[in-house]
Each structure stands twice: as C-alpha cells, then as structure tokens.
Amino acid sequence: MRSAMTWMQRTALAATIAAFGVSGAVAADTKPKGEPIKVGILHSLSGTMAISETTLKDAMLMLIDEQNKKGGLLGRPLEPVVVDPASNWPLFAEKARELISQDKVAAVFGCWTSVSRKSVLPVFKELDSILFYPVQYEGEESERNVFYTGAAPNQQAIPAVDYLMNEGVKRWVLEGTDYVYPRTTNKILEAYLKSKGVAAEDIKVNYTPFGFSDWQTEVSAIKDFGSAGKKTAVVSTVNGDANVPFYKELANQGVSAEDIPVVAFSVGEEELAGIDTSPLVGHLAAWNYFESIDTPQNDDFIAKWHKFIGNDKRVTNDPMEAHYIGFNMWVKAVEKAGTTDPDKVIDAMIGVSVPNLTGGYSTMMPNHHITKPVFIGEIQDDGQFQVVWQTPGLVPGDAWSDYLPESKPLISDWRKPMSCGNFNTATGKCGGAGAEKAAAN
Amino acid sequence: MMRLVRQFLVFLLIALILPIGAYAQSSDPAALIQSFGGKQSFDDTEAVVKKLAAAGDPQVARALNALSKGDLVYRKSDNQVFIASGRGTVDLFDPLTGTKVGEAASRDFSKVRVKNSIRRAVTDALGSLTLRSPDPNTRMAAAGTLFSTATPEAMKTLDAAIAAETVPAIKTKLEEARAAAVLKSDEPAAAKVEAVKTLAGKGDRETLAMIRGVAATSKDAQLKQAATTAAVSIENTIATWTILQNVWYGLSLGSVLLLAAIGLAITFGVMGVINMAHGEMVMLGAYTTFVVQELIRTHAPGLFEVSLAIALPLAFLVSGAVGLVMERCLIRFLYGRPLETLLATFGVSLILQQAVRTIFGPSNREVGNPDFMSGAFDIGLMSVTWNRLWIIVFALVVFVALLALLNKTALGLQMRAVTQNRKMAAAMGIRTPWVDAMTFALGSGIAGIAGVALSQIDNVSPNLGQGYIIDSFMVVVFGGVGNLWGTLVGAMSLGVVNKFLEPYAGAVLGKIVVLVLIILFIQKRPRGLFAQKGRFVDA
Amino acid sequence: MVEHDDMREPLGQDGIAPGASPDDVAAGPSSDPAKADTISSVVSPHPYAAEMRRRRLAAEAQGRARRETLLYLDGVTKSFDGFKAINNLSLVIERGEMRAIIGPNGAGKTTMMDIITGKTRPDRGAVYFNGAVDLTKHDEAAIASMGIGRKFQKPTVFESHTVEDNIRLSLAGPRSVVEALVHRKSTAERERIAEILATIRLTDKRRTFAANLSHGQKQWLEIGMLLAQDPELLLVDEPVAGMTDAETVETARLLREIAATRSVVVVEHDMSFVRELSVKVTCLHEGSVLSEGTLEAVSNDPKVIEVYLGR
Amino acid sequence: MIIARFLGPRVWILVGLILAAAVLVPLANLALPPGHPLHMPSYLVPLFGKYVTYALLALALDLVWGYVGILSLGHGAFFALGGYAMGMYLMRQIGSRGVYGNPILPDFMVFLNWKALPWYWSGFDAFWFAALMVMLVPGLLAFVFGFFAFRSRVTGVYLSIITQAMTYALLLAFFRNDMGFGGNNGLTDFKDILGFPIQAAATRAGLFSASCIALAIGVLLVGWITRSKLGKLMIAVRDAESRTRFIGWRPEDVKLFAFTVSAVMAGIAGALYVPQVGIINPSEFAPVNSIEVVVWAAVGGRGTLIGPILGALLVNYGKTVFTAIAPDSWLFVLGGLFVFVTLVLPRGIVGTIDHGWDAWRARRRSAAKEKGESGDGDGSILPHPAE
C-alpha cells in the first residue's frame, strides 16, 4: 500500500522523485520501452575532486545516451542517476547506499580517489552491488563487487620505469603526494628498482602535502640530486591540483626533459589543460590511453564527446576510456546474463572482452582487473601527448604486486570454486575477508 | 716539459687526422638531412643526428634546431624534408640554407617525430658544432653543454676554441669544459691537479660530483689531496649559497602569503569582518586574468605580453565590485557580530565557488606566463626565477601603495577614523556607511589583484581560494590584527621559517611545525606580533 | 625610629616583606621617610652603607605606615608606548574612608583603577592592600576575592540574566567551577540578595532581565553586585555619568550609605556630585597627585585651577 | 532528583523525543516487515544515526559557543580524534580477517612494510580502553590547549583562528602515512564491534539507539550544566568576561571546564559516528568541517538546547536531499541558506521562535498591565526605601 507511506519514507523518496525528474529529461527521447534500468553515477561535482570527476560524470551520461540510441539494454532504456558526494569521503558511502538501496541502481560507475573507493567498499559488499572504478590506483585490492578498469601499478608504473631504464636513467627521484597511492606505488618501484640493481643512494623519495603549491625547494632539490653526473629521472605520483604549480616551477627553474625527464602517472590531457605546455615538451606520462592515439574508434569517441559536451576544445583522457571499457563490458555482461541481477552479472563479467579506444580489445580477468596496453607519451606543446613507446602486447592488471613481500604470495580469482580475492598460495588458504564470501557461496 | 711536448705532439697528430677522419666519414649534409624523411623509428632518426654531428658542418645546425623544436617536417607524398612554420597553411624553408621555398597545407606534411634522447643528441651535436658560432650566446650555450658532455677526444676542439675565443666569460667556460675533459682522460696527474684547480672556482654541484669522483678513485696522492681540498671548498660555497637560496625561497613564499593576506588585513584586520569569502575574491582575480588572456588570444594576440597589466585593474574592479555588493547587501547588516559574518561569508564563498564552477567548468584553466615572467637567471649558485622575483616586487609595491593610501589620502584618513571611533567619525560628517563599503571593496579589490599574481604560479580553478584562506588568516593573526606592517613581517617570517624547515622536516612536517609555532606564539602574545597597545584595547 | 636600627633584616627583603614579624606593628602611622633619611645620614659615615641603611629605614617606615592603610600606592608609574599614563603616583586610602578622585581626561584615573584591580601591571612602584598584600602580584579574580570591588565607567552587568541572578553570581563565597556546578540556593543566600536589592532600590525588578533596565538602574545594579561581594574597598568609576539630577542625588545617598561600612573610592568628573559626597578629594593630573584635601581646598588650589581652566 | 528540578519541561520533552526515536526507529526497522507502511528501510538507519551523532557534535559546540561565547573552529578535531580512537579499536577487531590475514597489523601497515604495531596502538584491542581513549584523548587535548590559550587570555577571533590552526595541523599530521593512522585513506573495512557484525541490521539499529541515548545524556548534561549556577556564570562570561573577573571569578576556569566537557562530548559523537559510516580519515579534521558544525548550531539557534540539534538534523538532511536532487547546484542552496539564516534569522530557528514567543507574551502582559495600573516604574526614580 504505497498510499500509506510514512512521512519518513516520503521525504526520503523525495530525492528519488526529483532525480527521476532530472534524468527523465535526458532519457526523454529514447525509443526503448519498459521500466528503465538505472545506472548510478557517483562522482564528485563539487569540492576539491570536482576538477577531475565532473568530466567522468559527463562521459557516463554520454555513454548511457549512446546506448539508449542503440536501443537500450535488454530492450529497456537506461536511466542515469547522478548524485554529488561533494569530495566528502563519508558522503560517498552515504550516497552509494542511497543509490543502491533507494534508487535500486543496477550498477554504479564512480569514485576517483582511493579513499572514496575504500569508503564505499563496505556498502557495495553489504548490499551486493557492482562498482566500476575507472582510475589508476595502487593495487593491493580485489573485491568481488568491484571491477577495476583503471591501471594497476604493473600497468603503468613499472612499464614507465622500464622505458626510462632503457633510456639510460640511473638515478631516480620518486616524488609524490603523501597518500596511499604514491606511497604504495613508490614502495613497489623502490623494490623493483633495487631488484634491477639500482643502489639505495640513487633513489630519493619525497612527499608533499595535498594541494601543495610552493615547489621551489623540492624542484631545486631535484636539480641538486640530478647533478651527480648520472642520468636522472623523476617519477611523479604528485596528485591533481599540485601538478600545475609543480610543472610551472619545473619550467621556470629550467629543468628540461632532456636533462631530467619527469614521468607522471596522474597527469593526463585534462590536467595539462591548465598549463602552457611549451616549456614542458618532452616530459612523460604513462597511461593506457592518449587522446592523440590515432584509431577509428578513438576518432569516433572524440567526435561524439565534442558533440555531446558542445565544446570541441574539451579533451578526453584515460579514466574516460576506462569508463568506456567498463560500461561496454557491463552492457555485454548484462546481455550475456540476460538480467541486471548483480550476482549473475558479476559472474558473467569475467572473460568479457570489448574493444578499447586504442585499437585492441580489453578483457575482464578473473581478478576483476582488465588487460590493457601501456603507452608512454611525451608532452607536446599543444597539450597532447605523443606516444614514444608502448608495450608489445596487452598487460594484464595485477591486483597483488610481486614486489611487496606481503602481497607476493597472494592471487585473486573470482571464478568458482576459488571465488577469492586474496588467495594465499603460500598457505593455500583464502585469507581474510574472502573467506566469509567463499563459505557463503 | 715532457708533458708539454707530448701534448703538443698529440695535438698536432689529431689536428691532422681529425679533418681527414671527418671528411672520410661524411656524406653530403643535404642528403643526410633528407634521410630524416619518411616514416622511421626513433633509432633511425637518432642515427641520422649522430651522422650529422660527425659530419661537423655547422650548416646543419639549422636543421637540427628545427628537428629539436618539432619544426622539421617531410612531405607525405615524396618524403622531402622541410622546415615548416605556422599552422594550417605553413611556410616551407629549405632545411640547409633556410631560404623560403614555398607554402603548402600542413595536412600534406608529417612531423619528423622526436623524443628526449633525440633532443639530447641534437643538443650534444649542436654543442660541438656551434662552438665557433659567431653569436656569443650560442657559443656560451655550447660551452655550457660541453662541460657535462666533454669527452677526452673533445679536448683538441676545445683547445682550438679557447685559443680563438675573445670573450673572457666564454673563455672561462671553455677552460672549465676542458678541465672536465682532462679529468675524464688519462692525462698525467699534474695536468689533472691543474684541472681540479680550474674547476674549484666553478664550485657547483655537478663539479663537486666530478671532483669527488677524482678524490675517491685517484691513486696519486697529490691529486687526491688537491681534489679533496677543492671538494671541501666547493662544499662550503654550496652551503653558503644554500642558506641564501632558502632565504630567497622564504621571501618568495612570504610574498605570496603577503599578497593573499593583504586584502584580508584590510577587511579582517581593519574592519574586523571575518571574510571567509576572501579566498574567492582572489579566485575571481585569477579568473579575470584568464578571461583577459582568452580575449587577447582570440582578438589581439600581440597584446599577450601586457595581458597582466590589463588584467590588474580589471581584477581589482571585478573583485572590488563583488566586495561592494557583498558589503551593501549583507555585511552591513552584520557589523558588530563578527561570528555571524563568518557564517554569512562562508555561505557566499560556497555560492561564488559554485558560480565559477558553473560558468567556467570545474577544471583548471590555462593562464599563460608572459615572457618576462618566464625562466630564471643565476646569481652565483642560486637560481632566481623571474616570476618569483616579479611577485616579490609586486607584493611590495602593493603593500607600499596600500600603506600610502591608508596614510596619505582622504579616504585612508576616513577609514582610520571610522575604524577607531565610528560615532565620532559620523559626528564629524564622515559618511560611515560609504567608508565601510569603500574599505571592504578596497580589501576585496586587492585580493583580486593578488589573484592576478597567483594565477602565474598556481592552478586557476574554483578551489584556488580555499588553498589560501587559512594561511591568510594565520598571517594576519600572527602579524597582529589591524597592523599592515604586522602582516608584512608576519608573511615574510612565516615564509622564511617554512622554507628553512622544509629541507629538514619535509614539506608536510614543516607546515605542521609552523602551525604549532603560531599557536604557541599566540599564547605568548595573544594579540599577535604587532599588537595594538593601550588601555582602550579590551577583549 | 632609632630603636630599630640594630635589627639586622636582610637587605633583600627591603620593600617586599610587609608585616613579616608581628612585633613591628608598634610603629605609629606618623612615620616619616624624610625624617628617617636625615637621621640615618648623620649616623652612618660610609656613603654606600648610608644609602642602604636609608633605603631600609625608609622601607621599614613605609611598611609600618602602610600596614595601617587599606590601600597604599607609592611611586607607581605606568606608560603605554612611551606615554606616561601614571607617573610616580602615591596615594593612601584609610580604612573606612571615602575618597573622591577628580581630574581632567587623561589624568590617569582609569589606569590607576586598572592597576589596583590587577588588570594592568605597573612598570614601577608599590601597590598594597590592607597593608600586607602586594596587589601587583595578583590577578583580577584574586584581588576581587580579597575584597576590592570595582564599578566600570560604562555600566557592565550580565544583560542576559535577571537582576537577582546578577546579584547571586556576585555574592561572596567560593569561586570554584565545581562549587558553581553543584551549588544549591539557600535561605541565607535569598535573604542576602533581598537585602542588597533593597539597598540598591531594585527589589521589584528582581526578575527583570538586566538588559531591560534603564541606564541608572544598571549603575545601581552594578553597585549592588559590588556590595554582594562584601568588599572592603569599592572603586567606583564615574557612577553618575549619564544620570538625571534626581538619580545623581539618589546615587550619592547610596554611596554614602555604603561608605558607612566600607571604604569607597569614587572617580568622578561631576563636581556637584563630588560636593554632594562631601569627602576628601584628590585631584590627579598627568598621572600624579596634583592636590589633595577638602573639595574647597582643592578647588581653590591655583595648580588645579590652572589645569582645569588652562593657561 | 536534583537534575529534575533544574531542568524545565522543554528539556524533558526533548529527551523523551530522542529516547522515543531510540526505540521506535529500530523497531520500525527490525520488527516490521519491509512491506509495512511504517517500515523503516535499512539504509536510513545508519543515515539517521549519522545525523544524531552530528547533533551531539553540534550540541557540544553549542555548550562552548552558545553559552560561553568561545567560537571554536576546531571542534571537528575532537570529533575526529574520538572517531580515530574508535576506529583503532575496530581495526584491531578485524584481526586476521584483513586482506593479508595478518593477525596483528592492519592492512595499511602490512603493505607499507611496517614490522610491528606502533606503541600508541597498544591497548586498543580492548573496548574499555578504546572507550576511555575516546573521551580522554579529545578531553586532554582540549584541556592542554585550553589551559594555555585561556590562561593567556586568547579570546575572540584569535582563539577561533588558533583552534582552526590546531585542526589544520592535525589534518596535515594525520595525512602523513608515517603517523601510522592509515594516511589519507584512514581506517576502514571494519568487521565487527563488541563481537556484533558491524553491517548487520541489528547492530546498525543498536548503534542508532546508542547514538540517541548518548544524545539524550548529552542534552541532560548540557541542560544540567547550563541551568546550574555555573551555567549562569558561563553566560556571564560570554556577555561580560571582565565583569566576572572583577567579581572574583576566573573566566579561564569556566572556559576550560566547558571546553573540555565539550571536547569529550565531541569525541563520543565521533566514536559513534565511525562505526555507522564505516570510515574515519583525516578529512574529518578539515577546517571546513568544523565551520559546518558552527553553521548547524547557528541555523538551529545557539544558546539553546534544541537549536543545535535541530540545526544539525535539518542542514544534514537538506544536504542529503539536495546532493541527490540538485547535484550541480546544491551549493547555491546551501550557501544561500547560510546567508538567509544570518540575515533573517540571526538567532537561528529556535532562537527566533523563542524570541517571538517571549515578545508576544511580553506584549500581552504589558497590555494587561496597562489596563490595571497607570504605568510601571521603568526609568523613573525608585521610591526611597523606608529606613
């Protein structure tokens, strides 16, 4: 009896109704009939992370729009439900709960920072829903309810270091923002470099706070470190906002890519849009996608994006491609399972293979990470990247790094009968959280 | 004596052989340049560069430069190589002679792709090729490059160049490069001691690494001694310059803090309004700069160099106008209730942020540095970047102008009168509401000006202001509310302390220490560094 | 005075040890430091010893003198940013005395009050209460608890509280936070409050919020709050500023009533009010005492006339 | 009962309402079947639980701001410290169920190669110890900070700014991974509390009830304090600090007491908040969060017991709704609300209603009076008391 709703339910549902109204406008011109399938979009539209995440919200709206034009999914229209977690981590959890419990979305595409993902994880596990996480991250995680479409460290950091070693770099500055992604990546890189015979005194690790803007001391320290007569490179895991002042200071202090190249894992087309890149030509970034990559799929994607957003100066970037891959994988898995029921879709996801934008196919692996090519690009003066190197084949994402002692024995396989995100090959047991799930199945 | 003779003989021999060798290897430079054409791997391109360098013809410098800058293109149809400039329709130049050979559509051409290692090869090649260039600056740059790349084989070339060089500064550089080459060679120890002595005068970190290497590996006692002594003296020099460098960085950070805080010193310090939207005033100034540059880019590209000068008054007006509206519509109802002003202005700051996000989008906007704000120059071992220098100068100019405005103009007099005794000022016929509005607009306008400067070193995004608001309050409170000099001294001392802590404690811990110091300092002097004194001051 | 010459008091205690030994109380209030000076300089040949001795004797003499006083200020100096608000001020208030202090603006009246009540520390000089307590060593709360009440120039009462609560908070008693938390109203307290309300003529306003009182009533409430503290000394700063003539008369009566049981220092501009009080008057000028005596004597003092009327 | 006499009927109604919620919400969630019209959906329970802990935080702030006049812009720090203490307990409860299966070390320490648990983590495996720390750590910080600040007579905006500096410094400190609190990611992935699985509906309901009870106790405590003589003294300190000094009180003691009690309350709120939202990380220290708490209290009406609670509930509920229905423009609404409240309702919602009610009563009374007698004595000379 819906007529007898309590005030509480009614007020809580007010949000749904309004969200329905907002998204109804988007879905208005769709042909498919039937009750819409709701897709949650959980990206910050305000606060510090809005700078990166808003684009992803728009990209998702475009993908859903495209899918509806193609006839929707299972003959039903898709309906996006957009919420704003406002760069506030507990709010991410609250909004995730709202999307799943109240809006009954079939899957959620969202999060950017590691902490936002960590914050929503328990919610997705508890309510047994699906999250597609599109950003490169530190690894060391494999959850049944999460699909990681961004790069794991072995799909970004290690190939980048390999490339630089080939270029003759002997001395390394690992410069990062002080949070988990840089910390873990640098731990992995340190172990990797040492395994390749780099001496401890040739590695310098330094961390700065979030949003750091006065880079004079750090850049000058990099210059000093680089003047020891050996070829030096900087591996930057500096986060979002701090990058612009970092690069501006590099340019001003005359650190050129020829002398000390900087390879970044968090700087893409979107971040460079805020900088005059002519002094930065030659600095590097490692990604699984660049806007400049010349393939028909990519051209098509860029054209659609420009049309959708109504501005042909807006760039595309790697996390957008990750959402593109993730969304298409989900669509395919739902079609394969014939339902949006999360449990069935989760099982159907493994092995699904969809074209990526760089001319190949990406496959969802049993550890819920995907296979991707890795590209090293050099910054050009037009704010784009020119690919200077790429991995010969696809690199499968590795949830558990082989270069950290504790995670070395762990593997992840969500197929039955193992169904475990952290199977310990040393003890032969599924450790920790996975145990409960495995027992439940 | 023997050494000299032997050196001479070797020199003679090489002087004879070198040209022959060079000619023996060389093919026609024009043909070599043409081999850049067509799709080829980076390694192929690099090999061509090496060949061109070996050919030793200074004429190829033009083509190499163009290659490094990405201006070297080849025609897709026949792989012929040109230097191109312009977009859309490009002008084509002969890569060897530089004469214009025609125009064409850019889509018919492909860039010769380069990467860092190729650029480096080009730089190295240009180093030896341009050592005899008629342009002193080019020679200077070449000598600089040779210092780090010089091999023992380059010594002869350097000797020749030294002999021919007339400019003393370049000559010194060349001699240093030669000394570096000597240290790498198997010259006798005595020659190396000389080289170490030459290098001791240069005294930078690169030299230090080189000399330390000699000190560590040399078996000759005398050389070891000389190298050790030189290393110590260089270390001392570096230590002194490091201190100076830190002071400079500190002043530079201080000037940024000063710029961010000085508007607040008016609105908060003089008027007592806790303006949480202050950071957003700074942000508006930065966005004004962006809009100005954007208009200039599309309508009058020639004005780019003066874009900041145009943006300054506009930023002042924009932020000032927003401040005026805020004061008239909001703050004037809240005088005497500072904590409620805090809430209301916090609300305004949210609105302004979201407004900017809605209008300009959430991502960073590009604000370019004009040429005079780009690059750096060296004083001794200290590298001074132009943008930081100009920002320090600018911050001081703003400070002095504001001081003059407060102390020398009628408006300043009225402002001080109103803040000291509102009733009395009103009784004297001063229109206090007008003065309030003007004061607030002034403070906001100055924040806008600060935004123009900060757009040169920081992100231009809706979050720009948030990053500065807390620091600004710290500066004003630390310096002493209501005292501009306090703000100046507060900003500069916080900057310097921060920068001295940073190398030891790291950026994060350094900042924490500074905050704790401020807290402790306020316990000691509850009214800040430059407290207003007198018996009328009461809590 | 000479009979005390042989007392070997350590020099370091000079000027500090007020009333250290009870047998000193014998000394009379007539001690004159100047006289001690003359005598001691005759007795002692060595200049340094003489100086020390002179100082010691002077200090002792002062100690004895001060012991009889309620409030004792000697050579007090305080400057703000170079401006001497108080300059070598010396002032003595006897027990049970009521004193009016007059002086033009900037004469240092308020700063003097600040120093007595511990708000401001003097740069130099001695301030003693009850002859024994060095006030410069205590803060406002301690001084208030000792029995010095102060009324501000601008009436300062707790506007969000009722008249009754204003008095209740001021009642003499323990001043600890815990006591206040577990405090329970008692009959004695209620009676005492009623008594004070009667004295300050606010009985029928006891439940009115202080914010709703008239200016004059606030002045009285503030005086009532001082009375509730049961002080030995009341410092009253311009109690009748802004009052009507009738209120002024009433206030004068109130103050005289209070002065019957305790000492009162009134700082005032209003000469008619001072006349109404008819007590000894001290005129301050530029931070020190210009003239002292009856109002008659003071107002006829040529120095005072010059200060007030200008040259 | 002493308390009963002190507290007015309004406080009891408030406490009754809170306790009713503590019983009814879990009942509506657990006892009623999902189809029932009065059923409370599970996802709303932790959401409302979160609001209740915010309400307790706002009440704690109100004790110092509304009653003593200390505007603390750092109360989020006490909240977060309490939360971290609870988070540390919850982390230890994970035991070997972490992803690496390490029985002692939390996951973030394992993959950052920590070899042993830092000393300051010891003891947190026991609930009583964690519960003690929840109160002790914020209380001690507030006591030490307040002791120096109030003794030095740091007041007004200076105090506000240094409390902000305090929380900002803690924010930066907790961001540091070297601190051993999980850096930016903080503490998360909790499994159970006191042996109950943290995600179970019953545990959620229990936590909600616990939050309500804590809030009710908070209301009683604040009610008791503010209606005692000490409470009157607090208001006296707020309105005329120097006057209290000159009648012999030490305002610094009063402030220190209120500040410390308030910090402990904030710590408890934080401790209840963490298991309900499932994460604690340094962003809770962000100065903006502390400012938001001030906003709740201001919107509801400071200096009242109901105001901050109402404010916290309303603003947060509004935030929940608007971030969903107007994700692109809810900041306009929120910002506009702050401006509106300060301009139009400077006393907050409750304060405005109270004020209006008082004014209405006063008008009625004076109207009644005018009918009876010719005038009241305001401003005129009082009759001379008989001698």
Side-chain angles (χ1 to χ4, degrees), chain B residues 268 272 274 276-277 326 329-331 333-334 337-355 357-358 362 462 466 469-471 473-474 476-478 480-481 506-528 538-539, chain D residues 65 69 71 73 145 147-173 175-179 241-242 245 251 286-288 291-292 294-295 297-299 302 328-344 346:
Chain B
F268 173 55
I274 305 184
M276 294 304 286
M326 257 176 85
C329 299
L330 184 61
I331 290 168
F333 303 110
L334 302 173
R337 287 153 45 191
L339 303 178
E340 275 151 32
T341 336
L342 182 150
L343 300 185
T345 51
F346 183 64
V348 172
S349 88
L350 293 183
I351 293 174
L352 285 176
Q353 269 179 49
Q354 192 61 32
R357 200 171 277 135
T358 309
Q466 300 242 293
I469 184 77
I470 293 177
D471 286 339
F473 273 108
M474 296 299 156
V476 175
V477 164
F478 175 70
V481 172
V508 190
L509 210 55
K511 193 147 190 200
I512 297 173
V513 171
V514 167
L515 286 171
V516 172
L517 287 179
I518 292 176
I519 294 176
L520 292 178
F521 182 83
I522 295 293
Q523 315 286 348
K524 200 77 201 154
R525 297 188 67 133
R527 319 235 130 241
D538 202 358
Chain D
W65 185 33
L71 178 60
L73 293 182
F145 186 91
F147 179 81
F148 289 108
F150 299 140
R151 195 192 55 171
S152 315
R153 299 196 187 171
V154 182
T155 52
V157 292
Y158 287 90
L159 190 79
S160 301
I161 299 295
I162 64 165
T163 52
Q164 190 173 46
M166 174 191 77
T167 190
Y168 189 46
L170 282 169
L171 167 81
L172 292 172
F175 261 135
R176 301 182 70 235
N177 278 278
D178 295 339
M179 285 279 286
E241 180 175 341
S242 55
R245 229 182 260 288
V288 167
I291 294 176
E292 266 193 44
V294 174
V295 170
V299 168
R302 66 192 149 107
D328 289 312
S329 57
W330 68 277
L331 277 180
F332 289 127
V333 179
L334 195 67
L337 175 73
F338 298 161
V339 174
F340 174 81
V341 165
T342 38
L343 272 187
V344 183

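Naming convention: chains lettered A, B, ... in sequence-line order (proteins, then strands); numbering from 1 in each chain. This one's a predicted model, so the numbers in the text were calculated from it and none came from an experiment.
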What are the two closest heavy atoms between [X] and [Y], and how far apart are they?
X: D/Y158; Y: B/G528; value: CE2-N, 4.2 Å
X: D/V299; Y: D/V341; value: CA-CG1, 3.8 Å
X: B/I470; Y: D/P287; value: CD1-CG, 3.1 Å
X: B/M474; Y: D/Q164; value: CE-C, 4.3 Å
X: D/S160; Y: D/L73; value: O-CB, 3.7 Å

Using a 4.5 angstrom heavy-atom cutoff, name the option from [options] with the most pairs to chain B.
options: D/T163, D/V295, D/I291; answer: D/I291
options: D/L331, D/I162, D/V339; answer: D/L331
options: D/Y168, D/F148, D/F145, D/F338; answer: D/Y168

Counting only heavy atoms closer than 4.5 Å, note whether [X] contacts chain B via side chain, backbone, both or neither.
X: D/L337; answer: neither
X: D/W330; answer: neither
X: D/R176; answer: side chain
X: D/D178; answer: neither

Is [X] close to chain D through its backbone or its side chain, or both, or neither, when contacts mean heavy atoms under 4.5 Å?
X: B/L352; value: neither
X: B/F478; value: neither
X: B/I274; value: side chain
X: B/L343; value: both

Those residues at least two apart in sequence (or on a different chain) that pass salt bridge (charged side-chain N to carboxylate O under 4.0 Å, His left out) with D/R302 are B/E340
Determine the option with the most heavy-atom pairs under 4.5 angstrom with chain D, choosing from [options].
options: B/G506, B/P526, B/A355; result: B/P526
options: B/L334, B/L330, B/L350, B/V348; result: B/L350
options: B/T345, B/V477, B/V514; result: B/V477
options: B/T341, B/L509, B/I518; result: B/L509

Exercise. Taking the side chain as every heavy atom from C-beta outward, state whether D/L159 and B/I522 have any atom pair closer than 4.5 Å.
Key: no
Next item on the list: For the pair B/F473 and B/F268, name the ring-plane relationship: parallel under 30°, tilted 30 to 60°, perpendicular over 60°.
Entry: perpendicular
| With distance as the sole test, does D/S152 use its side chain to make a donor-acceptor pair with the main-chain N or O of B/R525 at under 3.5 Å? | no
Query raised in the report: Would you find a donor on one side and an acceptor on the other, under 3.5 Å apart, between the side chain of B/Q523 and the backbone of D/A149?
Result: yes
